[in-house]
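Step one of this worksheet: look at the structure below.
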Amino acid sequence: EPEVTQTPSHQVTQMGQEVILRCVPISNHLYFYWYRQILGQKVEFLVSFYNNEISEKSEIFDDQFSVERPDGSNFTLKIRSTKLEDSAMYFCASREHNTEAFFGQGTRLTVV
Amino acid sequence: QKEVEQDPGPLSVPEGAIVSLNCTYSNSAFQYFMWYRQYSRKGPELLMYTYSSGNKEDGRFTAQVDKSSKYISLFIRDSQPSDSATYLCAMSGMNSGYSTLTFGKGTMLLVSP
């Protein structure tokens, strides 16, 4: 069964460092998302991506964040200068048009 | 008022019980409703997906949407210990293929043998 895959499963980084979280969405999907979940809190939307551009972003997705689809399969989230409060689970999701969204298993980001 | 409200639980039931999980919402633009199951430190796993009002059944799971009351429910029949997880409701608007999901905080369910 097709699935969204994310790497790495766990990333530890020092405050101020840049990190890149990677995702391979389901191959025939058109819409891609990043969500995050701080421990004990709800899943929050960060950004959506369609047709090689950002289609929507939340207030959380400020200038330190960027997304890219460098080739036909990968979808990345870059955090330029990590802060302690960026520690969270980051989930990638993908969907076809007006269908359910499928999530990856997440990358646990720990900023120390 | 929060957009999506969900009782965090925990909800503890014995094996075999019928479980009722609920969410209320305030945004009348929501048209797509989903229930996800999330195990600790794992990604949300889609359980049910419904459009607009009505019921949908899949095995032991039944999803109900009442748009007039802005209320959605997930029923689990014959609950099993393996159903122990956090259940997230999520919803999105229409006419937007890339419409974002708004989640509830999740209800933790514990099914004891």
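First the proteins, then the strands, lettered A, B, ... as listed; each starts at 1.
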*Answer yes if B:Trp35 and B:Ile18 sit in the same cluster of Ile, Leu, Val, Met, Phe, Trp and Tyr residues linked by side chain heavy atoms under 4.5 Å apart, and no otherwise.*
no
Taken to the nearest 0.5 Å, the spacing of A:Gln37 CD from B:Arg41 CZ works out to 10.0 Å
message: Check this for me: A:Lys57, atom NZ, are more than 12 non-hydrogen atoms of other residues, nucleotides or ligands nearer than 6.0 Å?
response: no
Residues of residues 18-30 of chain A with a heavy atom under 4.5 Å from any heavy atom of chain B, in residue-number order, are none
B:Tyr71 reachable from B:Tyr51 in the ILVMFWY side-chain graph, under 4.5 Å edges: no
Rounded to the nearest 0.5 Å, the CZ atom of A:Phe102 sits from the OH atom of B:Tyr36 at a distance of 7.5 Å
Query - Verify same cluster id: B:Leu11, B:Phe61 (apolar side-chain graph, 4.5 Å) - result: yes
Cluster overlap B:Leu46 with A:Tyr33, hydrophobic side-chain contacts below 4.5 Å: yes
Counting heavy-atom pairs under 4.5 Å with chain A, the top scorer among B:Lys42, B:Gln6, B:Met34 is B:Lys42
**Prompt:** Considering residues, nucleotides and ligands other than A:Gln14, do more than 12 of their heavy atoms fall under 6.0 Å from its CD?
**Reply:** no
Greatest number of non-hydrogen atom pairs under 4.5 angstrom with chain A, of B:Pro44, B:Pro8, B:Ala90, falls to B:Pro44
Distance col, row B:Thr100:OG1 vs A:Glu44:CD, nearest 0.5 angstrom, shows 12.0 Å
Whatever's closer than 4.5 Å to a heavy atom in chain A on B:Gln38 counts as side chain
Q) Is it true that atom CG of A:Leu39 has more than 12 heavy atoms of other residues, nucleotides or ligands lying nearer than 6.0 Å? A) no
- Mind checking whether A:Phe45 and B:Phe103 have ring centres under 6.0 Å apart? no
Among the clusters formed by ILVMFWY side chains lying less than 4.5 Å apart, do B:Val13 and B:Ile76 turn up in the same one?
yes
Here the gap from A:Gln41 atom CD to B:Lys105 atom NZ, rounded to the nearest 0.5 Å, amounts to 6.5 Å
Applying a strict 4.5 Å limit to non-hydrogen atoms, the region of B:Tyr39 in contact with chain A is neither
When rounded to the nearest 0.5 Å, the distance separating CD of A:Glu100 from CG of B:Leu101 is 10.5 Å
